[in-house]
Amino acid sequence: MFEDLSYDELKRRANSSLRDAVVATLRARGEHRSVALDETLYQVDDRQYPFVYAVSATLQVRDPMALY
């Protein structure tokens, strides 16, 4: 799906901001909390996982298969 996109385009899309009205809706309906260093938000094999909107963060995506 994203194979044809350049690194710069992927970075631009990953760092784009949502409209203020959308962020206000997320704040009103969601949970605002801090995340601990090395906390796992969800894993590849999770059947369900939460929608996560990072207000200010550096996130690391890890490939579990890279550990083997």
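With sequence neighbours excluded, no residue forms a side chain to side chain contact (heavy atoms under 4.5 Å, CB included) with Ala28. Contacts of Ala57 classified as side chain to side chain contact (heavy atoms under 4.5 Å, CB included), with partners at least two apart in sequence or in another chain: Ala54, Leu59. Residues forming a salt bridge (charged side-chain N to carboxylate O under 4.0 Å, His left out) with Arg27 (at least two apart in sequence, or on another chain): none. Applying the side chain to side chain contact (heavy atoms under 4.5 Å, CB included) criterion to Glu31, with sequence neighbours excluded, gives Arg33.
Put simply, CZ on Arg12 and CG on Leu5 are 9.5 Å apart, with the number rounded to the nearest 0.5 Å. Atom CD of Gln60 sits about 11.5 Å away from atom CG of Leu41, to the nearest 0.5 Å.
If you chain together ILVMFWY residues whose side-chain heavy atoms come under 4.5 Å of each other, Tyr7 ends up in a group of its own. Grouping Ile, Leu, Val, Met, Phe, Trp and Tyr residues whose side-chain heavy atoms lie under 4.5 Å apart, directly or via other members, places Leu26 in a hydrophobic cluster with Leu18, Val22, Val23, Phe51, Tyr53, Val55.
Identified under the salt bridge (charged side-chain N to carboxylate O under 4.0 Å, His left out) test for residues 42-62, with sequence neighbours left out: Asp38-Arg62. Residue pairs satisfying the ring-ring contact (aromatic ring centres under 6.0 Å, His included) criterion with at least one member in residues 15-48, sequence neighbours excluded, are listed as follows: Tyr42-Tyr49.
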